[in-house]
Peer 1: 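Got a structure for you, written out below as structure tokens; questions coming shortly.
Heavy-atom basis, side chains included; hydrogens, waters and symmetry copies ignored. From a predicted model like this one, the values you see are computed outputs, not experimental measurements.
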Amino acid sequence: MRKGGKIMFFTALFVVVLCAPFILNMGSAQAAPDPSLDTPEINALQEKECIADTEWMRENHMQLLDDWRWEVIRNGATEYVAPNGQVYDMSLDDTCLSCHSNREEFCETCHDYSNVELYCWDCHNPDYEE
């Protein structure tokens, strides 16, 4: 068992190297952003509600937009019936951005925090420059 000490040393070294990123970043997490809902369009609404509840939209908005894109492009559908029974146009520009016109404060704060690259603006609002 002459090599037992070397095995233990390199095992400990491996564990330290493996855990180093976690140890070095401990305590440096940033608080999640709180997207701004302060837009003239939202403030003018008497009843402030989205097409679904806030928690669901936070978790599923991208899937919803992908489903809308598929339905509009592939199937020609243009209307979405929300869980509350209200009918909306399947449109990022006309439905979502009509209320959330503050793209920088609403969309981009969370996506920047999450390091998610938005490709929506490749087609929507092409006059927008980063």
Peer 1: Looking at Lys48, I'd like to know if its NZ atom is crowded, meaning that more than 12 non-hydrogen atoms belonging to other residues, nucleotides or ligands lie closer than 6.0 Å.
Peer 2: yes

Peer 1: Which residue pairs pass the ring-ring contact (aromatic ring centres under 6.0 Å, His included) test with at least one member in residues 12-55, sequence neighbours excluded?
Peer 2: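 Residue pairs passing ring-ring contact (aromatic ring centres under 6.0 Å, His included), neighbours aside: none found.
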
Peer 1: Determine the minimum heavy-atom distance between Asp94 and Ser98, stating which atoms define it.
Peer 2: O-OG, 3.1 Å

Peer 1: Got a sec, which residues hit side-chain hydrogen bond (donor to acceptor under 3.5 Å, both in side chains) with Glu71, two or more places apart in sequence or on another chain?
Peer 2: Asn75

Peer 1: Going by atom type alone, with no hydrogens or angles, which donor-acceptor pairs under 3.5 Å involve a side-chain atom of residues 76-89 and a protein atom two or more places apart or on another chain?
Peer 2:
{"unit_1": "Asn84", "atom_1": "OD1", "unit_2": "Gln86", "atom_2": "N", "d": "2.9"}
{"unit_1": "Gln86", "atom_1": "OE1", "unit_2": "Tyr88", "atom_2": "OH", "d": "3.4"}

Peer 1: Using a side-chain heavy atom cutoff under 4.5 Å and only I, L, V, M, F, W and Y, what cluster partners does Leu24 have?
Peer 2: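 Listed partners: none, Leu24 stands alone.
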
Peer 1: Suppose clustering is done on Ile, Leu, Val, Met, Phe, Trp and Tyr with side-chain heavy atoms closer than 4.5 Å. Which residues sit in the same group as Leu13?
Peer 2: Phe9, Phe10, Val17

Peer 1: Sort and list the pairs that fulfil ring-ring contact (aromatic ring centres under 6.0 Å, His included) and have at least one residue in residues 26-60, not counting sequence neighbours.
Peer 2: none

Peer 1: Among residues at least two apart in sequence or on other chains, which ones pass side chain to side chain contact (heavy atoms under 4.5 Å, CB included) with Asp38?
Peer 2: Ser36, Asn43

Peer 1: Quick check: is Leu45 connected to Met57 through a chain of hydrophobic side chains (ILVMFWY, heavy atoms under 4.5 Å apart)?
Peer 2: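 Cluster IDs for Met57 and Leu45 differ.
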
Peer 1: Are Ile51 and Trp70 connected in a single hydrophobic cluster, I mean Ile/Leu/Val/Met/Phe/Trp/Tyr linked by side-chain heavy atoms less than 4.5 Å apart?
Peer 2: no

Peer 1: Would you please name every residue forming a side chain to side chain contact (heavy atoms under 4.5 Å, CB included) with Val116, sequence neighbours left out?
Peer 2: His111, Ser114

Peer 1: Report the distance from atom CG of Leu118 to atom CD of Glu108, rounding to the nearest 0.5 Å.
Peer 2: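 Here the interatomic distance stands at 6.0 Å.
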
Peer 1: Cys96 versus Leu65: any side-chain heavy-atom pair under 4.5 Å?
Peer 2: yes

Peer 1: Closest approach of Tyr113 and Ala32, non-hydrogen atoms and distance?
Peer 2: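 Tyr113 and Ala32 have their closest heavy atoms at CZ-CA, 3.8 Å.
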
Peer 1: Just grab all the salt bridge (charged side-chain N to carboxylate O under 4.0 Å, His left out) pairs involving residues 49-67, residues at least two apart or on different chains.
Peer 2: Glu55-Arg58, Asp66-Arg69

Peer 1: What residues form a side-chain hydrogen bond (donor to acceptor under 3.5 Å, both in side chains) with Ser101, not counting sequence neighbours?
Peer 2: Glu41

Peer 1: Can a donor-acceptor pair be found, under 3.5 Å and without considering hydrogens, that links the side chain of Thr39 to the backbone of Cys99?
Peer 2: yes

Peer 1: Calculate, to the nearest 0.5 Å, the distance between atoms NE2 and CG belonging to His61 and Leu92 respectively.
Peer 2: 10.0 Å

Peer 1: Under the 4.5 Å side-chain heavy-atom rule for ILVMFWY, direct or indirect, which residues accompany Phe106?
Peer 2: Leu37, Ile42

